[in-house]
2 protein chains.
Amino acid sequence: MSTSARSPRGQGHLLRTEILETTARLMATVDEAEELSVRAIAEAVGKTVPALYQHFPDKSSLLTAAAEHALNAMGETIDALVAGETDIDRRLRTRAHAFVDFAVAHPVPYRHLFMSRPNPKSPNTIELMMNSVGFSGMVRDLAEAKEVGLMIDEEPTDVAMVFWTAVHGVASLLISHPGLAWPEDLLERVLDQHAYGVVPR
Amino acid sequence: MSTSARSPRGQGHLLRTEILETTARLMATVDEAEELSVRAIAEAVGKTVPALYQHFPDKSSLLTAAAEHALNAMGETIDALVAGETDIDRRLRTRAHAFVDFAVAHPVPYRHLFMSRPNPKSPNTIELMMNSVGFSGMVRDLAEAKEVGLMIDEEPTDVAMVFWTAVHGVASLLISHPGLAWPEDLLERVLDQHAYGVVPR
DNA sequence: ATTGCTAACTTAGCGTCGATAACTTACATG
DNA sequence: CATGTAAGTTATCGACGCTAAGTTAGCAAT
């Protein structure tokens, strides 16, 4: 087994970062996170399997941690996109689109984070999402919309959760069943229905 | 290995039914369909592993076929519930509730059918759902709503897909993250938002 | 009644996997 | 220079999906 050089004393945590980056990279080469074997990851990193288990309690936790990297990147993307947008409605739609775009572009981490059974040894992925994906920003937008009279009198947090539930539904179906004849602009339709409803005004 | 009697000549397909029923039963004892091992299923059936592989090309197809049984049962439940309901709005809400109730009550088959990567060797699960879960009935309801002026001028099939996307989002999140602080009556909120929107009237 | 054919299985085993106990080696510190 | 311990490796366990090859039971034709 060809292994890379050992880290200097006290720098063992460097390996952790390398494991995460390598795993995140390998995720893009596969259809489902679980398809990655610990052995394959270890070989790509240049270490042996037990070396990985010194940094992560089990395979699932490793995959979750690697997927978080991608998630955080999405959070920053959304923040950047929304920063230049003053219109509240546009801001909310931008968030939704960025989220679905991320899911479709990175189905492996998305599926592992939001569509798999949560691993009790890993942090709760929904809380993760709320902290990293600008959920609080979304709540803020909705609160502002309510103040300006653009939203009905509901709790912004509740509306945000309902909103995100639907957006997740879109992402989830697009990922699980690509190539299916979804209505064109499914997301826009979902957003419109959430905004105006289907009962005639 | 204690195996059961061999089927009479030409009745080998009897085993297939028994495998499916046993697998469906075992699914309720586990947190995820993939946790069931082919060996465990074979033992519960009272046959050996290769006997199972004469009826299903691989493990995933076996699990899918077993999950369909439960799905069809749900379809019949929905039909029965809806039959006695004349109000269109109530009928659509009944469908949604029955669907989510099924998902929460049978998370293992639901997850396998709608939240896993589709197996090319198995029938498309979304089409399965559309045929078995009263999707066409839902489209009919929406068309009727449109005729009576209860729904805006949109294609009923498209609206049904958007509608179902959101309902699936609810089911998916309730399953993947139970015990989380979802808004009480999350589904009712989703349905209301779809009906009336969040933009004040 | 015996033989042959084939459906309905079983035996045995391959390669892979996640995980771990037990050992080794390099290095900072006294 | 001795030594403790961080940072790894070696070797292995039990379970898994799957399959090639062998076996047995029952019906059909002679």
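Proteins get letters first, then strands, A, B, ... in listed order; numbering begins at 1 in each. Side chains are part of it too, since the values below use all heavy atoms of this structure and drop only hydrogens, waters and symmetry mates.
- Of the residues in residues 23-42 of chain A, A:L36, A:S37, A:V38, A:R39 come within less than 4.0 Å of DNA chain C through at least one heavy atom, sorted by number.
- Atom P of nucleotide C:dA8 and atom CZ of B:R16 are separated by 14 Å, given to the nearest angstrom.
- Closest to the side chain of B:P50, from the set D:dT10, C:dA12, D:dG8, is C:dA12.
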key: Residues A:V198, B:E154; criterion side-chain contact (heavy atoms from CB on, under 4.5 Å); working and verdict   = CA-CA 9 Å; A:V198 294; B:E154 292 279 355; over 6 Å; no
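- Going from atom CG of A:L15 over to atom C1' of D:dG8 covers 9 Å, rounded to whole Å.
- Taking the six-membered ring where the residue is Trp, A:W164 and A:F114 present perpendicular rings, their angle passing 60° and hence far from 30°.
- Here D:dG26 presents its P atom at 14 Å from CG of B:L14, a figure rounded to the nearest Å.
- Atom C1' of nucleotide C:dC9 and atom CZ of B:F56 are separated by 16 Å, given to the nearest angstrom.
- A:H97 and A:E188 form a side-chain donor-acceptor contact under 3.5 Å, judged by distance and modelled atom types alone.
- Side-chain atoms of A:Y53 lie closest to C:dT20 of the nucleotides C:dT10, C:dT20, D:dG8.
- Straight-line distance from the CG atom of B:L63 to the C1' atom of D:dG17: 12 Å, rounded to whole Å.
- If you look at A:H106 and A:F102, their ring centroids are closer than 6.0 Å.
- Regarding B:K47, its NZ atom lies at a distance of 4 Å from the P atom of C:dC9, rounded to whole Å.
- Checked against D:dT19, D:dG8, D:dA11, the side chain of B:V49 finds its nearest nucleotide in D:dT19.
- Which of C:dC9, D:dA20, C:dA19 sits closest to the side chain of A:K59 comes down to C:dA19.
- Checked against D:dT9, D:dT19, C:dC9, the side chain of A:A51 finds its nearest nucleotide in D:dT9.
- In this structure, B:L52 atom CG and C:dA8 atom C1' are separated by 13 Å, rounded to whole Å.
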task = Could you walk me through whether B:T125 and A:H177 pass the side-chain contact (heavy atoms from CB on, under 4.5 Å) test, one step at a time?
result = CA-CA 9 Å; B:T125 54; A:H177 306 275; 2.9 Å; yes
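- Aromatic rings of A:F163 and A:F135 (six-membered ring for Trp) have centroids beyond the 6.0 Å cut-off, not under it.
- Taking 4.5 Å as the limit, some side-chain heavy atom of A:N124 sits within range of a side-chain heavy atom of B:L180.
- Secondary-structure annotation of DNA chain D gives the stems C:1-30 with D:1-30, with a stem taken as at least 3 successive Watson-Crick or G-U pairs whose two distances both fall under 3.5 Å.
- Between A:V108 and A:A33, the shortest heavy-atom contact is CG1-N, 3.4 Å.
- Partners of A:E144 under the salt bridge (Lys or Arg N to Asp or Glu O under 4.0 Å) rule, at least two apart in sequence or in another chain, are A:R91.
- Atoms CD (A:Q54) and C1' (C:dA19) sit 13 Å apart, rounded to a whole Å.
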